[in-house]
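Note sheet for the following structure.
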Amino acid sequence: MRSIMAESLSPVRVRFAPSPTGHLHIGGARTALYNYLIARKTGGQFILRIEDTDRKRYVPGAEEEIIQGLRWLGLEWDEGPDKGGPYEPYRQSQRKEIYQHYAQQLIEDGKAYYCFCSPQRLEAVRQEQMSRKESPRYDGACRKLDPAEAKARAMAGEPHVIRFKTPQDGTTTVTDLLRGDITVENRVLDDYILVKSDGLALYHLAAAVDDHLMKITHVIRGSEWLPTFPLHGLIHRAFGWQEPVWIHLSVFLKPSGKGKMSKRESAELIKDGYSIFLKDLQGLGYLPEAVVNWIALMGWSYDDHTEFFTMADLIEKFSLERLNPAPAAINFTKFDHFNGLHIRHLPIDELAKRVKPFLIEKGYSVSDETLLKVTPLIQERLHTLDEVTEIAGFFFVEEVQPNIEELVVKDLSVKQSCELAQRILAILKDLPDMRVSTAEPPMRQLVEDTGLKPAQVFGLVRVAVTGQKVSPPLFESMEIIGKETVIKRMEKAVALLKHMEEQAAAQA
RNA sequence: GCCCCCAUCGUCUAGGGGACCAGGACGCAGCCCUUUCAAGGCUAAAACGGGGGUUCGAAUCCCCCUGGGGGCACCA
């Protein structure tokens, strides 16, 4: 496959054609991304087309969610329902007449026919075929109808659909860029419905017509279309149209690799802080840069070692030839890794800006000045943005609530811990300020004087000042917090330890 | 049941007949660094599903099996 330099350098026209029937997920996002990348790389156009021909499955708000999701990822389209373009409209529900026109053309050419079979009859036929262990397929009853007569019945208003007259023998060969030729026996193909009884086209017709009219050069879509791929080739050929280059992407499997993510499993994921839905990702603390990097690498690779990619890198390096047709299991821990990588790649002020909403949401009062000082301390500690609250929340509160147990120094008694805390307090009180250069030397001296381990002394200070056992670097944190607050927190720790000591004495 | 697709470490992958006792990444384990946690560095364990061919030579090409996935709607 690698020898086929399909995209070469000529501009492609590609489209992402989602149907507004639910949430945009990472699988769809990846399809959109690959389309976008190849368009930008070749200087072509990326088109957004909404495939909303099924009114029953239409979900209000889904189109907006798709648009928001794509924009969040940074995948801006050149033509689409919201911005128009030379081939508008870009919403299939608004193109009903166009499809009808082309369906008529097929009927006139004898390549499609009216079908008046009721859903009930079709269901009965299906049942019977199944009971005979045959594949369910249209039995072709209306295929034999006299075309003039059928047309008259249709014109008279008799309910009908329009079916494609699939060749009954021979084979059909279509070509996928990644898989090569795919040949099927025509007899296993059905006389697929092209236009429903409500007059709206089904995907097969609508997509073919639109791809042709919109001058799409490459169709990059999910592999769920592979089974009907031969039909799509046949439809293009029935019209005498040149086919686009077809590329079917692999599917995403659940983390176990066993099957697709079910609706239920997708919903459950959020409990673990993950989601396959784009709408959730931002709130869970993920960067669009990381999402792009992560999904780009599920089914595509650049070489044997490069893994970090910005959008600009991807546009430069992406190629259809290096797409991988095998299904890929979703790996969320790798997603976390990429998120950390991109967090560390962000400029400080940008990271501060992105982390701020998470602090605000948890009720912290955030001063930009403090946040800007805190951000460098947490940058390499964050895997997701929302972790900022647990790692650095103590910077933005008046008081912390240390766990009394944690205040007791390892291998020391409560009494000894209390004495140590008092010595620390005395030293800090005497200092002119809390700069690292001011506070660290005397504290190190204390470690030496007491013969304790650094971890023991600093651990006590850490719990007292930050309220947590794990924190950003201690002295840098104290500098940001400032002397006044540090002293106040130390005093509280001493008081707590004293109280604990008294209680222990009373019990004895 | 029928049709189609896919097949390298647990996972994402590199690999286009000799450069492969198979490379990278995540995760996992250990070590280093270190005031905690990270980040970073180093090391380790970890794979060509099976069987036939073709060839001097196969992870790479062909066939079969097996396994996995997708699809069989007046959904997309």
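The figures that follow rest on heavy atoms only: side chains count, while hydrogens, waters and symmetry mates do not. In what follows, every chain begins at residue 1, and chains take the letters A, B, ... in the order their sequences are listed.
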Problem set entry | Residue A:Ile182, side-chain atoms from C-beta onward, closest of B:rA73, B:rC6, B:rC5 | B:rC5
Exercise. Out of A:Phe332, A:Phe309, A:Phe252, A:Trp300, which one pairs with A:Trp294 under the ring-ring contact (aromatic ring centres under 6.0 Å, His included) rule?
Worked result: A:Phe332
Exercise. Which is true for A:Gly340 with a 4.0 Å heavy-atom rule: it touches a base, it touches only sugar-phosphate, or it touches nothing?
Worked result: nothing
Problem set entry | Atom pair distance, as rounded to whole Å: CD in A:Glu224 and P in B:rC75 | 17 Å
Exercise. Reckon A:Leu202 touches a base, only the sugar-phosphate, or nothing at all at heavy-atom distances under 4.0 Å?
Worked result: sugar-phosphate
Exercise. Which nucleotide, B:rG70, B:rA39, B:rU11, lies nearest any side-chain atom of A:Asn331?
Worked result: B:rU11
For this session: Mind calculating the distance between CZ (A:Phe475) and P (B:rU36) to the nearest angstrom?
Result: 12 Å
For this session: Name the closest nucleotide to the A:His337 side chain, picking from B:rA76, B:rA7, B:rC26.
Result: B:rC26
Exercise. Just checking A:Ser256: base, sugar-phosphate only, or nothing, at a heavy-atom cut-off of under 4.0 Å?
Worked result: nothing
Problem set entry | Test item: A:Ser417 side-chain N/O and A:Val408 main-chain N/O as donor-acceptor pair under 3.5 Å | no
Problem set entry | Separation of atom NZ in A:Lys334 from atom P in B:rG10, rounded to whole Å | 15 Å
Exercise. Watson-Crick or G-U wobble partner for B:rG18, using a 3.5 Å limit on both distances?
Worked result: B:rC56
For this session: Can you figure out which of B:rA25, B:rA76, B:rC75 approaches the side chain of A:Glu51 most closely?
Result: B:rA76
For this session: Could you let me know what B:rC26 is paired to, Watson-Crick or G-U wobble, both distances under 3.5 Å, or none if it's on its own?
Result: B:rG10
Exercise. Rounded to whole angstrom units, what separation is found between the CD1 atom of A:Ile26 and the C1' atom of B:rU11?
Worked result: 14 Å
For this session: Scan A:Arg15, A:Arg91, A:Gln92 and name whichever one has a side chain to side chain donor-acceptor pair (under 3.5 Å) with A:Glu51.
Result: A:Gln92
Seminar exercise, completed: Assign each of A:Ala329 and A:Val188 the nucleotide of RNA chain B bearing its closest heavy atom; nearer the 5' end lies the nucleotide of A:Val188
For this session: Taking only the side-chain heavy atoms of A:Pro473 (C-beta and beyond), determine which of B:rC74, B:rA25, B:rU36 contains the nearest atom.
Result: B:rU36
Problem set entry | Side-chain-base donor-acceptor pair under 3.5 Å for A:Arg381 and B:rC37 | yes
Exercise. Considering heavy-atom distances to RNA chain B, does A:Thr183 or A:Thr21 have its closest nucleotide positioned more toward the 5' end?
Worked result: A:Thr183
Seminar exercise, completed: Given the options A:Leu297, A:Val291, A:Ile295, A:Arg30 meets side-chain contact (heavy atoms from CB on, under 4.5 Å) only with A:Ile295
Problem set entry | Interatomic distance, A:Arg126 CZ vs B:rA73 C1' [rounded to whole Å] | 6 Å
Exercise. Between B:rG23 atom C1' and A:His305 atom NE2, what is the distance in whole Å?
Worked result: 11 Å
Problem set entry | Base partner of B:rA38, which must satisfy Watson-Crick or wobble distances under 3.5 Å | none
Problem set entry | Of the listed nucleotides B:rA14, B:rA76, B:rC4, the one nearest the side chain of A:Asp304 | B:rA14
Exercise. Taking the six-membered ring for Trp, is the centroid-to-centroid distance between A:His232 and A:Tyr203 below 6.0 Å?
Worked result: yes
Problem set entry | Sub-4.5 Å side-chain heavy-atom contact between A:Asp336 and A:Tyr274 | yes
Problem set entry | Same-atom distance (C1') from B:rU60 to B:rA22, integer angstrom | 11 Å
For this session: Under a 3.5 Å limit for both distances, which nucleotide forms a Watson-Crick or G-U wobble pair with B:rC2, could you say?
Result: B:rG71
Exercise. Once you round it to whole Å, what is the distance between C1' of B:rA73 and CG of A:Leu200?
Worked result: 16 Å
Seminar exercise, completed: Atom CD of A:Glu406 and atom P of B:rU35 are separated, to the nearest Å, by 20 Å
